[in-house]
Trainee: 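Provided herewith is a single structure, encoded as structure tokens, for subsequent inquiry.
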Amino acid sequence: MKKYFHIVTYGCQMNLHESEKIAGLLSELGYERCDSLDNADIVVFNTCCIRENAENHAYGNIGMLKKLKAAKRDMIIAVGGCLPQQMNKAENLHEKFPYVDIIFGTHNLHKLKEYIAAKQHGKKAVIAIEEGDGVVCEGEPADRTSYPNAWVNITYGCNNFCSYCIVPYVRGRERSREFKNVLEEVKTLLSDGYKEITLLGQNVNSYASPTDGVRFPELISEISALEGKFRLRFMTSHPKDFSEDLAKAMADSDKICHCLHLPVQSGSDKILRAMNRKYTSADYLKKVELLKKYMPDCAITTDIIVGFPGETEEDFNATLRLVEEANFASAFTFVYSRRAGTKAAEMPDQIDAEVSKRRIMQLIELVNSQTRVYSAADVGKTVEILCEGYDEKRGLYLGRTEYGRMGYFASENNLIGEFVRMKVNQANGVSLFGDPVE
Ligand code: 5AD
Ligand code: SF4
């Protein structure tokens with residue numbers, strides 16, 4: 001009899017990729033992927049805790065499984081990742097949802113098979129959270145779902161302790177994979193037909209290979225020297241570590257996409273200091289200038305938080321000014337969320353929700369107006385799209401430009417995994433629409 005798994009993923013690309021590793025482990029146990037909770041023999045929630053709403057979302061969905069579990073007592077429910085890794089959260093989860101069979105953290109995903117076996121051998125509930133800085137696992141199977149893109153971890157964890165951020169507490173200290181292992185993995189992916197490699201780390205710029213000391217600019221130059229046509233992307237870059245060497249390495253390569261996600265978080269120097277970001281708004285703008293010097297076409301995207309404790313109207317206006325000056329291709333905007341255990345959670349002057357809401361609306365409006373100008377400038381141009389899927393609703397193929405813009409086009413042929421040249425006829429917000437050309 002066939003057995004099925006279903007994985008629900010919350011949060012960032014790191015989690016998306018970890019869900020591929022979970023899928024790889026479950027496939028080794030003989031489970032097959034299925035699209036619905038109802039048919040699954042094992043359900044895994046791979047959770048996020050970066051903001052409160054990510055947690056609440058997971059709680060809501062885990063809560064909804066109570067009925068299904070009562071009807072299907074053999075179904076295994078596992079909850080893993082960042083949420084249970086937080087202090088005391090695994091115990092809380094167990095109390096709140098006693099029907100959850102396995103609770104695991106961020107440092108022991110690779111032991112999931114053991115936990116499933118323990119559960120199947122009659123153990124009541126497995127609660128397995130490991131502390132410490134985790135291991136660097138190599139050779140884990142991955143059942144990838146993002147073709148033609150492949151995610152590749154280069155670092156795990158984070159040492160930066162931005163005062164609002166829970167990541168260093170749930171993912172441990174930063175550690176880098178060996179250069180030769182990263183290179184081997186990329187080579188295998190390219191020979192398997194992947195067309196885009198996205199290197200992942202909380203701060204890829206501080207990558208340092210343990211035994212040979214290879215640093216990030218060299219890593220990406222070596223990868224981009226590999227044979228064949230493919231795109232190379234990476235995220236995330238901390239502005240304090242973004243160097244001229246890296247800008248040069250990006251400019252010199254025809255494989256590395258001319259786009260960079262460079263989270264600024266705020267335009268106020270007072271707030272940046274309180275956030276422990278270790279740069280000023282002027283430092284940040286200098287990095288933007290540096291990037292544009294080497295790559296005038298570079299699309300710079302960012303993350304911005306509004307409503308950080310102590311943020312005044314003046315501070316917020318400084319953020320708006322920085323956004324105007326940096327002229328971002330697009331930006332992710334967030335309302336500050338108080339995370340227990342972080343420094344900022346203890347700071348005075350937490351900002352009223354109504355004030356944050358007004359600020360984020362104003363910021364989104366500004367960011368969207370910049371995005372629209374970039375998209376409109378593409379109308380009439382021919383852009384290269386790496387086709388990544390088919391949008392059933394629109395009846396169109398879709399994929400991204402080198403700069404991260406989504407492009408849609410019609411085709412009789414299945415072009416997923418192909419580079420397609422598209423003449424842009426129309427732009428709508430962040431999306432481009434056009435026709436394939438020779
Ligand atoms: N509240 C709001 N946004 C946050 N981020 C990280 N922690 C928080 C928080 N506590 C945002 C930052 C980061 C992105 C991944 O999430 O902007 O760059
Ligand atoms: Fe969080 Fe800062 Fe580390 Fe990014 S660099 S994961 S925002 S602590």
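Note that ligands are numbered from 1 as they come in the structure, with each ligand's atoms numbered from 1 the same way. The first residue in the sequence is number 1, and the count goes up from there.
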Trainee: Hey, what's the ring geometry for F433 with Y408, parallel, tilted or perpendicular (30° and 60° as the breaks)?
Mentor: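 The rings of F433 and Y408 lie parallel, inter-plane angle below 30°.
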Trainee: Just to verify, what does Y194 make a ring-ring contact (aromatic ring centres under 6.0 Å, His included) with, not counting sequence neighbours?
Mentor: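 Y194 satisfies ring-ring contact (aromatic ring centres under 6.0 Å, His included) with Y147 only.
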Trainee: Could you walk me through whether R359 and E311 pass salt bridge (Lys or Arg N to Asp or Glu O under 4.0 Å), step by step?
Mentor: CA-CA 11 Å; R359 288 182 186 163; E311 184 187 70; 2.9 Å; yes
Trainee: Please say whether the positively charged group of K229, taken as NZ for Lys or CZ for Arg, lies over the ring of F419, i.e. under 6.0 angstrom from the six-membered ring centre and within 45 degrees of the axis.
Mentor: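 Output yes; distance and angle both within limits.
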Trainee: Could you tell me whether K293 and E244 make a salt bridge, using a distance below 4.0 angstrom between a side-chain N and a carboxylate O?
Mentor: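 Salt bridge between K293 and E244, a charged N being under 4.0 Å from a carboxylate O: yes.
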Trainee: Inside 2.8 Å of atom 2 (Fe) of ligand 2 but strictly below it, how many protein N/O/S atoms are present?
Mentor: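 Number of qualifying protein atoms: 1.
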Trainee: Distance to 0.1 Å, residue and atom name: give those for the protein heavy atom nearest to atom 7 (S) of ligand 2.
Mentor: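 The answer is Y164 OH, 3.4 Å.
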Trainee: For H258, give me all partners under side-chain hydrogen bond (donor to acceptor under 3.5 Å, both in side chains), at least two apart in sequence or on another chain.
Mentor: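 Counting only residues at least two positions away or on another chain, H258 forms a side-chain hydrogen bond (donor to acceptor under 3.5 Å, both in side chains) with D297.
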Trainee: Answer yes or no: is there an ion pair linking R339 with E55, defined by an N-O contact shorter than 4.0 Å?
Mentor: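 So R339 pairs with E55 through a salt bridge.
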Trainee: Considering only N or O atoms, set out every pair between ligand 1 and the protein closer than 3.5 Å, with distances to one decimal place.
Mentor:
{"residue": "ligand 1", "atom": "1 (N)", "partner": "S337", "partner atom": "N", "Å": "2.9"}
{"residue": "ligand 1", "atom": "3 (N)", "partner": "R51", "partner atom": "NH1", "Å": "3.2"}
{"residue": "ligand 1", "atom": "5 (N)", "partner": "R51", "partner atom": "NH1", "Å": "3.3"}
{"residue": "ligand 1", "atom": "10 (N)", "partner": "Y164", "partner atom": "O", "Å": "3.0"}
{"residue": "ligand 1", "atom": "10 (N)", "partner": "S337", "partner atom": "O", "Å": "2.8"}
{"residue": "ligand 1", "atom": "16 (O)", "partner": "R51", "partner atom": "NH1", "Å": "3.0"}
{"residue": "ligand 1", "atom": "17 (O)", "partner": "Q265", "partner atom": "OE1", "Å": "2.6"}
{"residue": "ligand 1", "atom": "17 (O)", "partner": "Q265", "partner atom": "NE2", "Å": "3.4"}
{"residue": "ligand 1", "atom": "18 (O)", "partner": "Q265", "partner atom": "NE2", "Å": "2.9"}
{"residue": "ligand 1", "atom": "18 (O)", "partner": "D303", "partner atom": "OD2", "Å": "2.6"}

Trainee: Is K187 paired with E184 through a side-chain N to carboxylate O contact shorter than 4.0 Å?
Mentor: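 So E184 pairs with K187 through a salt bridge.
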Trainee: Go through the side-chain N and O atoms of Y279 and R277 and say whether any donor and acceptor fall under 3.5 Å apart.
Mentor: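 Yes.
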Trainee: Is the shortest distance from a Lys or Arg side-chain nitrogen in R231 or E402 to a carboxylate oxygen in the other one below 4.0 Å?
Mentor: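 No, no charged N to carboxylate O under 4.0 Å.
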